[in-house]
Amino acid sequence: MTRATTIVSAIAASLLLAACFLIPGKFASTLDVKRDGAFTFAYKGEIVLVTPASLGQPTPPDTVLPTCFGPVPAAPPLQPGQGPNVAMRTFRSGQRPCTPEETAKRTADAVATRQREGEQMAKIIGLDPSNDTAMRDYAVQLSKQAGWRSATYRGNGVFDVNFEQSGRLDRDFVFPLLPKSSVIVPFVVIRKRSDGGVLVSAPGYRSAPAEAFMNGISAETGTATKPLAPPANGPQGSFIITSDIVPLTNNTEDGPSRNGSRTRLTWSVTPGSDKIPETLIPLGH
């Protein structure tokens with residue numbers, strides 16, 4: 001295994017362990033591209049934090065199970081008037097009720113595990129999904145970044161956002177770029193080509209972007225993991241690209257429509273749609 005492969009595998013292992021990503025929820029997104037390279041990109045709607053629980057991965061239980069196995073720890077002597085000592089009972093298949101001490105330890109272990117996972121999430125994606133105050137603060141940080149007209153945390157991992165940014169396509173463009181996050185599942189990527197054109201791709205505008213990303217990494221690196229299932233509130237919306245240039249290629253269902261000198265491409269994102277919206281636009285032609 002090469003050093004590069006080792007590094008990628010290490011990153012993949014961390015991501016698979018974390019399994020925590022920001023993805024689109026219900027949204028409407030548009031991109032307008034002009035012949036001279038001027039563009040305006042907009043995204044309005046939900047951004048959803050998917051967690052191990054929403055991806056079908058194991059997490060510490062919300063309530064500690066009351067059943068234990070094996071011999072009962074030594075119990076104190078019976079006091080006058082007390083019932084039979086629990087240590088004298090027998091149970092089928094080795095199961096027995098947990099003692100108060102065991103229940104307390106399980107609870108403490110679950111809390112400690114959640115805290116460790118939250119700290120790990122904060123290192124990887126920049127926020128702790130178990131901390132509502134941190135999530136609201138993160139929304140405030142988003143609102144301070146260029147293009148983010150508004151961002152509020154609704155709760156249950158859902159942010160309501162309004163983003164719009166204009167510029168020139170003289171370099172690559174990625175949305176979203178998030179504060180403090182070292183891991184991004186990009187919603188939209190615009191790559192500048194050497195021939196002057198731009199390739200627009202929207203890997204986040206599909207039914208299960210984070211799961212496809214993680215399953216792809218797992219397959220590439222040979223990292224063993226249970227296939228991830230899409231969360232219940234995955235991406236649902238539309239992506240519309242308008243331009244005064246006819247695109248060279250696109251993978252819409254119906255192709256470009258025309259309104260005078262302008263073209264329009266439309267992709268609908270619904271549960272089960274796995275196509276990555278993509279088009280090649282030849283600027284300056």
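- Within 6.0 Å of the CG atom in Asp254, the count of heavy atoms belonging to other residues, nucleotides or ligands does not exceed 12.
- Looking only at distances, a side-chain donor or acceptor of Ser29 sits under 3.5 Å from a matching main-chain atom of Ala42.
- Under a 3.5 Å cut-off, the side chain of Ser273 and the backbone N or O of Val269 do not form any donor-acceptor pair.
- In this structure, Phe187 has its ring center at least 6.0 angstrom away from the ring center of Phe27.
- Rounded to the nearest 0.5 angstrom, Asp32 CG and Asp244 CG are separated by 7.5 Å.
- Summarising the local packing, CZ of Arg262 is surrounded by more than 12 heavy atoms from other residues, nucleotides or ligands at distances under 6.0 Å.
- Put simply, the side chain of Lys44 does not reach to within 4.5 Å of the side chain of Asp160, judged on heavy atoms.
- Taking the six-membered ring for Trp and the full ring otherwise, the centers of Tyr138 and Tyr153 sit at least 6.0 Å from each other.
- Ile47 CD1 to Leu22 CG: the interatomic distance, rounded to the nearest 0.5 Å, is 6.5 Å.
- A salt bridge links Arg206 to Asp274: one of the charged nitrogens lies within less than 4.0 Å of a carboxylate oxygen.
- Closest of all the heavy-atom pairs between Pro203 and Pro186 is CG-O, 3.3 Å.
- The shortest side-chain heavy-atom distance between Leu283 and Ile281 falls under the 4.5 Å cut-off.
- Residue Thr30 holds its OG1 atom at 9.5 Å from CZ of Arg264, rounded to the nearest 0.5 Å.
- To the nearest 0.5 Å, atom CG of residue Leu265 and atom CD1 of residue Ile240 are 10.0 Å apart.
- Within the 4.5 Å cutoff, the side chain of Leu49 has no heavy atoms near those of the Ile23 side chain.
- For the pair Ser243 and Lys34, the minimum side-chain heavy-atom distance is 4.5 Å or more.
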I would like to know whether Asn251 and Lys275 meet side chain to side chain contact (heavy atoms under 4.5 Å, CB included); could you show each step before the answer?
-> CA-CA 8 Å; Asn251 63 349; Lys275 180 187 296 181; 3.4 Å; yes
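- The pair Arg154-Glu46 meets the salt-bridge criterion, with a side-chain N (NZ, NE, NH1 or NH2) lying under 4.0 Å from an Asp/Glu carboxylate O.
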Between Phe159 and Met135, does a side chain to side chain contact (heavy atoms under 4.5 Å, CB included) hold up when you go through it step by step?
-> CA-CA 9 Å; Phe159 295 87; Met135 298 285 273; 3.9 Å; yes
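- Residues Asp195 and Arg193 are paired through a salt bridge, judged by an N-O separation under 4.0 Å between the basic side chain and the carboxylate.
- To the nearest 0.5 Å, the span separating CZ on Phe163 from CZ on Arg149 amounts to 10.0 Å.
- Side-chain contact check for Arg136 versus Thr152: every heavy-atom pair is 4.5 Å or farther apart.
- Around the CZ atom of Arg171, the shell of radius 6.0 Å holds no more than 12 heavy atoms that belong to other residues, nucleotides or ligands.
- At a threshold of 4.5 Å between non-hydrogen side-chain atoms, the residues Leu31 and Phe39 count as touching.
- Side-chain contact between Thr263 and Pro247 is present, with heavy atoms from C-beta onward closer than 4.5 Å.
- The backbone N or O of Ala28 sits nowhere less than 3.5 Å from a side-chain atom of Ser238 that would complete a donor-acceptor pair.
- Of all heavy-atom pairs spanning Ser143 and Ser150, the tightest one is OG-C, 4.1 Å.
- Under the 4.5 Å side-chain heavy-atom criterion for Ile, Leu, Val, Met, Phe, Trp and Tyr, Leu199 and Leu248 are members of the same hydrophobic cluster.
- Remark: of the listed residues Asp36, Val198, Val200, Val198 is the sole one forming a side chain to side chain contact (heavy atoms under 4.5 Å, CB included) with Leu169.
- Not a single donor-acceptor pair under 3.5 Å links the side chain of Gln145 to the backbone N or O of Leu142.
- Annotation: side chain of Val48 is not in contact with side chain of Pro24 (no heavy-atom distance under 4.5 Å).
- Closest heavy-atom contact between Cys68 and Arg106: SG-NH2, 3.6 Å.
- Among pairs with a residue in residues 239-276, those fulfilling ring pair (Phe, Tyr, Trp, His ring centres under 6.0 Å) read Tyr205-Phe239, Phe239-Trp267, at least two apart in sequence or across chains.
- Transitive grouping of hydrophobic side chains (ILVMFWY, heavy atoms separated by less than 4.5 Å) brings Val189 and Leu177 into a common cluster.
- Atoms CD1 and CG, from Ile245 and Leu280 in turn, are 10.5 Å apart once rounded to the nearest 0.5 Å.
- In this pair, Phe175 and Tyr43 present their aromatic rings tilted. The plane angle is within the 30 to 60° band.
- Considering all non-hydrogen atoms of both residues, Lys192 and Asp172 come closest at N-OD1, 2.8 Å.
- Thr133 and Asn131 make their closest contact through N-OD1, 3.0 Å (heavy atoms, listed as atom of the first residue, atom of the second, distance).
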